Protein chains: 2
Amino acid sequence: MTDKTEGNRPKNGRGTPGRREANRIATEDTILHAAESVFAEAGFGGATMQMIADTAGLPKANLHYYFATKEELYRKVVERIFGIWLEAANAMDGAAGPAEGIGAYIDAKMEISRRHPNGSKVWASEVMHGAPVVQDYLETTLRDWTEGRARIIRRWIAEGRMAEVDPNHLLYMLWATTQHYADFGHQIEVLNHGPLSDADWEAAKASVKAMVLRGIGIAPGA
Amino acid sequence: MTDKTEGNRPKNGRGTPGRREANRIATEDTILHAAESVFAEAGFGGATMQMIADTAGLPKANLHYYFATKEELYRKVVERIFGIWLEAANAMDGAAGPAEGIGAYIDAKMEISRRHPNGSKVWASEVMHGAPVVQDYLETTLRDWTEGRARIIRRWIAEGRMAEVDPNHLLYMLWATTQHYADFGHQIEVLNHGPLSDADWEAAKASVKAMVLRGIGIAPGA
DNA sequence: AACCATGTTGACCGAATGGTCAGAACATGC
DNA sequence: GCATGTTCTGACCATTCGGTCAACATGGTT
């Protein structure tokens, strides 16, 4: 994992991160990735610090040097995912209309399901278990974000640019459908007789966009 | 739990179930319900036999009398859920057309999300973790069911009764959207500022049906 | 080179977990 | 009411878990 073969010298002692800090960040990242993977596969309760250590290729005690407790490590993993989730949220902003805004949002969320399936699973698991560590995020950030987008959707409806639908239920459908490709990826792979190819993913995106957009009163070709 | 206040006599010794068997079935059911609840809240790894025993109001050793291992108990819970899932599948059969068939299926699945949210969560968790105990169900029963319904949908499309959509992605959308109300029920309750009322559930059903049916080219009023 | 802060690690610990078991309590057939 | 198989349960056990710690290694600074 850590490269100790090459003889990289300390360089100067100013400005540059230094090997110390660079290694620390790299190790933290290694642990977080391993943790995300293990939490996704086994759940919080099923995951053990030993599994995460083995996946990261580090002794267990070293994990506790960077993250004091299993809960703290888990919290960092969930927070990182929430950040990625929020990035995609921007795709809906600054859109000229519902077709572009919602279309772009679906694309962004489908891409997240494809690139970060483990993160999506951890998030799903966290919410399913009552959001023990991100309850405050739900009540503040997520609630604000949702109400903001609902306002935009209502305006689009008022302007006659899309059908009259309940904005909340539309958002739930968007979340559910896009995240399904990550959370239930195993089931989909079984029904697909194998992993989804690039073409499969493009077809999935196109299908979802076509059905959702038509479902809110926007012609497919728009 | 078990009624020992009334003095119910053994009755005859033929045909009738007898107190013995009746109690056994009742106790098994109590345990299965408690297990479903605990597995849903804590996940398989996070659940403990002690939690399930406390929830069921029974000593832990008694659980092991009825279910030898935690895995066996979990398997029974998941199989029970799969059975309920299959019941709803029938709602799509014998329908005159896509509007009735898919509309009824959405209704049935939404009702399951409402009545059996814990079961839905256990199922979601099981699939998310790679279906360790129901892999064979996915490859046989679910695959057959899916291919059968896909054929029906393709026929409807060929008959010009609905828009051209990929049957598999339509089914994924149906599963994702309806199950979301159970699996992410906590998140929805936060955004709804409280549990969903009867009216809320009806509105949810209506919203989902309207968006999905319009999304596959069926007019809302049909 | 000497020093110190930052990392690293094997060995260890108390607590909790899944599971066992011998015997008590019970229902039932005779 | 006695014999017999079923159900129930407290006490117990081996293992595993999250977490600790003292000793050691490393990188940077003077």
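All figures in this text were calculated on a predicted structure; none of them were measured in a lab. Order of the sequence lines fixes the chain letters, A, B, ..., with proteins taken first and strands second; residue numbering starts at 1 for each chain.
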Whole-Å distance separating the CZ atom of B:Phe67 from the C1' atom of C:dG18: 16 Å

Rounded to the Å, how far apart are A:Ile31 CD1 and C:dT9 P? 11 Å

Any donor-acceptor pair under 3.5 Å from A:Glu126 side chain to A:Val133 backbone: yes

Select from A:Met51 and A:Ala61 the residue whose nearest nucleotide in DNA chain D is closer to the 5' end of that strand. A:Met51

For B:Glu72, answer base if it contacts any base atom (sugar-phosphate contacts may also be present), sugar-phosphate if it contacts only those atoms, and nothing otherwise; contact means non-hydrogen atoms under 4.0 Å. nothing

Per the atom types in the model, does the base of D:dG19 pair as donor or acceptor with the side chain of A:Lys70 at under 3.5 Å? no

Give me the atom names and distance for the closest heavy-atom approach of A:Glu36 to A:Gly119. OE2-N, 3.5 Å

Are B:Trp123 and B:Phe82 close enough that their ring centres sit under 6.0 Å apart? yes

Which is true for B:Ala47 with a 4.0 Å heavy-atom rule: it touches a base, it touches only sugar-phosphate, or it touches nothing? sugar-phosphate

Select from B:Pro59 and A:Gly45 the residue whose nearest nucleotide in DNA chain D is closer to the 5' end of that strand. B:Pro59

Any B:Arg24 side-chain nitrogen or oxygen under 4.0 Å from OP1 or OP2 of D:dT6: no

To the nearest Å, how far apart are B:Asn62 CG and C:dC21 C1'? 14 Å

Among D:dC17, C:dG19, D:dT7, the nucleotide that comes nearest once only the side chain of B:Thr69 is considered: C:dG19

Whole-Å distance between D:dT7 C1' and B:Ile25 CD1? 15 Å

Just the rounded figure in Å: distance from P of C:dC26 to CD of B:Glu21. 21 Å

Is a side-chain donor or acceptor of A:His33 paired with a backbone partner of A:Asp29 at a separation under 3.5 angstrom? yes

Based on the rotation axes of five pairs at each end, what angle does the helix from C:dA1-D:dT30 to C:dC30-D:dG1 bend through, to 10°? 10°

Can you figure out which of C:dT8, C:dG19, D:dG18 approaches the side chain of A:Tyr65 most closely? C:dT8

Among side-chain atoms of B:Asp166 and A:Ser207, is any donor-acceptor pair under 3.5 angstrom? no

What integer distance in Å separates B:His64:NE2 from D:dT7:P? 17 Å

Can you tell me which nucleotide in C:dG7, D:dT7, C:dT9 comes closest to the side chain of A:Tyr66? C:dG7

What nucleotide among C:dG18, C:dT8, D:dT20 has an atom nearest to a side-chain atom of A:Thr27? C:dT8

Would you kindly give the NZ-to-P distance between A:Lys60 and D:dG19, to the nearest whole Å? 9 Å

Side chain to side chain donor-acceptor pair (under 3.5 Å) between B:Asp200 and B:Ser197, worked out: CA-CA 5 Å; B:Asp200 288 335; B:Ser197 66; 3.2 Å; yes

Any side-chain to backbone donor/acceptor pair from B:Ser113 onto B:Thr178? Under 3.5 Å, distance only. yes

Could you give the CE-to-P distance, from A:Met49 to C:dC12, as a whole number of Å? 21 Å

Would you confirm whether A:Arg143, through its side chain, and B:Val190, through its main-chain N or O, come within 3.5 Å as a donor-acceptor pair? yes

